[in-house]
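First listed ligand is number 1; within each ligand, the first listed atom is number 1. Residue numbers count from 1 along this sequence.
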Amino acid sequence: MSGRLGIKALAGLPAGVVRPAYDPAPLGAGIVHIGVGAFHRAHQAVYTDTALAEVGGDWRIDGISLRSTDIADALNPQDGLFALIERGEEGVSARVIGSIRKVIAAARDREAPLAALAAPQTRIVSLTVTEKAYGIDRARGRVDEAHPAIAADLADRHAPQGVLGLLAEGLRLRRERGLPPFTVLCCDNLPDNGNLVRTGLLDFAARLDTAFAGWIIETVSFPSTMVDRITPAPTADTLAEAERHLGVRDLAAVETEPFSQWVIEDRFPAGRPEWERGGAIFVNDVAPYEAMKLRMLNGTHSMMAYAGFLSGRKYVRDVMADRALARLVRRHLKAAAATLAPLEGIDTGDYAEALAQRFANPAIAHETYQIAMDGTEKLPQRLAAPALYALEHGQDLRPFAFAAAAWTRYCLGRTDDGTRYALRDPREEAIAAALAGAGGDARGIARALTALPGVFPEELAGNEGWNGLVAHIFSEMLEKGVARAVEEEALFADS
Ligand code: CS2
């Protein structure tokens, strides 16, 4: 088969493929995006593409890949172009996105990331780097000195490798050069994400220079944002599907669901693209939207990931096809909704129903094992926060305790038939140490994992009711096997 996607290939694409309704080449880059993974390509890059098509402007995106060089090698030879494959129940469509100008592979090109951050035309630096990459100790609201990138960047600020180090040095260079700062837009699934990054960055900067930290306080904006689009990691099938649609190869294609949502606080002193053209919603306070999404979508996702993976369900859609698990999904959605403050114009019952349908989308192959990774980073906001609310308000703890028990069971690193798997959690060593210290007893294991610092707050970890429930469900999973324990658990769920 012929050729590769790129500007030259655009004219020859089949009629059914939507292509950029603008000429991307002359448009400058006003955004630097750190973390050019599938999610960024299926989300922010798409909103920006729509804004560029409708109103133009120098708002293309220069990406930075912190560790991998793969995405730079895939996108740069394609002039930044890639296909967005949307897979809904009604069918599959392909659209070529033109908003990414280029990708810098930091591992190969050490100077280029700072040059991009300090460039006069850079007005926004957005991020999708996953929860663990920031190196922020969220419980203390400070940097985590033990985080490898934080330690390295505090030792050598002028050659930063991590997220906070890059943001700090980029801003420092701008200040030194008399340039206005960029706006920092954290698009990771973290509660109050703008403020969180601000807190971490201020602590990082203050350790180097308090006057500089003061300048950040006065001049840099960190709007919070809620992002949503279910985007499985691309596979060989994704690339084959893209080639079927395009007639040329595309090594950076992504597949995603039709649904997409972006809620943003409108605080961009240096300007922004008209993302509302792509459907983004601008609000004064994102926190309630973020809590709803984290607790309902992501919290349920994590529960499905652990209980589903351990019951042999490879994809989220398989979890929804299992009657017992699907009941537990609906129970969890309802329990999570009950912990939220009312949000004008939003019915959480409808939202829950829409989520259940999205999870069941038969055209999306979203692996439970993908969602299961980094549990210690995800559980605090997805599970512990609503569980604590439920505890304090006398609500049913069982759905949350079930999810915590499934995570505990997952931490053992083997399925019921003895198959081993990698946990893929940045705190694997701490988990192993907790397990080693707990002996073989189910209660001891559950307690040791619940007590890992920073995952469950003191009020839960020290609560006998919570501990007893988690330990009980976990020991059922050990004794009967996860699939059977799930079936019995579903009997507790309302129909
Ligand atoms: C998922 C999210 O992998 C995970 O932890 O829960 O990536 C989820 O698919 C997105 O937040 C959906 O917007």
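- Among all protein heavy atoms, the one lying closest to atom 9 (O) of ligand 1 is His301 CE1, 3.3 Å.
- In Asn189, the part holding a heavy atom less than 4.0 Å from any atom of ligand 1 is the side chain.
- Listed by number with element, the atoms of ligand 1 under 4.0 Å from a non-hydrogen atom of Arg229 are 12 (C), 13 (O).
- Classification of Arg138 and Glu131 as a salt-bridged pair fails, no side-chain N sitting under 4.0 Å from a carboxylate O.
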Just do the ring pair (Phe, Tyr, Trp, His ring centres under 6.0 Å) check on Phe402 and Phe492 with the steps written out, would you?
CA-CA 11 Å; Phe402 173 78; Phe492 286 94; 9.9 Å; no

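- More than 12 heavy-atom neighbours from other residues, nucleotides or ligands sit within 6.0 angstrom of CZ on Arg424.
- Neither the backbone nor the side chain of Gln261 comes within contact range of ligand 1; no heavy atom lies under 4.0 Å.
- A salt bridge does not link Lys293 with Glu290: every distance from a Lys NZ or Arg NE/NH1/NH2 to an Asp or Glu carboxylate oxygen is 4.0 Å or more.
- Ligand 1 is never approached by Met373 to a heavy-atom distance shorter than 4.0 Å.
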Ring pair (Phe, Tyr, Trp, His ring centres under 6.0 Å) assessment of Phe359 paired with His366:
CA-CA 9 Å; Phe359 294 157; His366 196 193; 8.9 Å; no

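- Counting only heavy atoms of the protein, atom 2 (C) of ligand 1 lies nearest to Asn298 ND2, 3.6 Å.
- Ligand 1 places these atoms under 4.0 Å from at least one heavy atom of Lys378: 3 (O), 4 (C), 5 (O).
- Remark: Lys132 does not engage Asp425 in a salt bridge, criterion side-chain N to carboxylate O under 4.0 Å.
- Shown in contact with His366 at under 4.0 Å from a heavy atom are these atoms of ligand 1, numbered in order with element: 9 (O).
- Within 6.0 Å of atom CG in Asn284, 12 or fewer heavy atoms from other residues, nucleotides or ligands are found, so the atom counts as exposed in its surroundings.
- In terms of protein heavy-atom proximity, atom 12 (C) of ligand 1 is nearest to Asp228 OD1, 3.3 Å.
- Between Met226, Gln370, Lys293, it is Lys293 that holds the heavy atom closest to atom 10 (C) of ligand 1.
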Carefully, step by step, assess Thr225 and Leu185 under the rule side chain to side chain contact (heavy atoms under 4.5 Å, CB included).
CA-CA 7 Å; Thr225 180; Leu185 185 63; 3.9 Å; yes

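- Residue contacts with ligand 1: Arg358 is placed with no nitrogen or oxygen under 3.5 Å of a nitrogen or oxygen of the ligand (distance criterion only).
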